[in-house]
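Notes for the one structure printed next.
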Amino acid sequence: MNDDAVNTIKWIIESIPYGRVATYSQIAELAGLPRRARFVARILSDSDDSDALPWHRVVRADGRIAPRPGADKQATRLRRERVDVIDGRIDLKRYGWNDDRDMLTE
DNA sequence: ATGCTGACTTTTG
DNA sequence: ACAAAAGCCAGCA
């Protein structure tokens, strides 16, 4: 993949609001790269702290935290910003990144 | 080109 | 709800 696509994806991840989560596939979709969820995952995997990405706000399509060494830290970081993580799972209805709902007054 | 890998997703059973 | 299988696609050897 070209660096352009990589940068686009990184930019999208950076724009996930505090206290919300987005899925791998959702990010790929927003980047105009449907069916590239794994590509998004790869970018996160390859990235390091110097990228300063909110990697903890990226979860699986069903709201679960992707299992891997260090996954526990993700739950901690999310809870630190008031995101409920129950049994390794996040309720996307409530915490999923959705611009529509961001505009509503609840 | 070929075959395998994987912070994934969807379909099946 | 859970597990297995199948589908998926960029990257790499």
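In the text below, chain A, chain B and the rest are named by the order of the sequence lines, each starting its count at 1. Quick caveat: nothing in here was measured; it's all calculated off a predicted structure.
- Side-chain N/O atoms of A:R35 include one lying less than 4.0 angstrom from OP1 or OP2 on C:dC9.
- Side-chain proximity of A:R38 to the nucleotides C:dA10, C:dC8, B:dA7 is greatest for C:dC8.
- To the nearest angstrom, P of C:dA10 lies 11 Å from CD1 of A:I9.
- Among residues at least two apart or in separate chains, side chain to side chain donor-acceptor pair (under 3.5 Å) pairs with a member in residues 40-50 of chain A are A:D48-A:S50.
- The separation between A:I43 atom CD1 and C:dA10 atom P is 12 Å, rounded to whole Å.
- Nucleotides of DNA chain C nearest to A:R89 and A:R36 differ in position, and the one nearer the 5' end is that of A:R89.
- For DNA chain B, the residues of residues 49-64 of chain A within the heavy-atom distance limit of 4.0 Å (strictly under) are A:W55, A:R60, A:A61, sorted by number.
- Residues A:R36 and A:E29 fail the side-chain proximity criterion, which asks for heavy atoms closer than 4.5 Å.
- Of the residues A:V40, A:L44, A:L53, the one that meets the side-chain contact (heavy atoms from CB on, under 4.5 Å) test with A:I9 is A:V40.
- Contact annotation: the side chain of A:Y24 approaches that of A:R60 to within less than 4.5 Å [non-hydrogen atoms, C-beta and beyond].
- Atoms CD1 (A:I65) and C1' (B:dC8) sit 16 Å apart, rounded to a whole Å.
- Listed pair A:S25 / B:dC8 fails the phosphate criterion, with no side-chain N or O lying under 4.0 Å from OP1 or OP2.
- By the 4.5 Å heavy-atom criterion applied to side chains, A:L92 and A:V59 are counted as neighbours.
- Whole-Å rounding puts the A:E29 CD to B:dT9 P distance at 12 Å.
- In this structure, CG of A:D46 is placed 11 Å from C1' of C:dA10, rounded to the nearest angstrom.
- What separates CZ of A:R42 from P of C:dA10 is a distance of 11 Å, to the nearest Å.
- Scanning both residues, A:F39 and A:V6, for their nearest heavy atoms gives CZ-CG2, 3.9 Å.
- A:Y24 comes within 4.0 angstrom of a nucleotide base, judged by non-hydrogen atoms across all strands.
- A:R68 and A:Q74 form a side-chain donor-acceptor contact under 3.5 Å, judged by distance and modelled atom types alone.
- Nucleotides B:dT11 and C:dC9 are separated by 14 Å at their P atoms, to the nearest Å.
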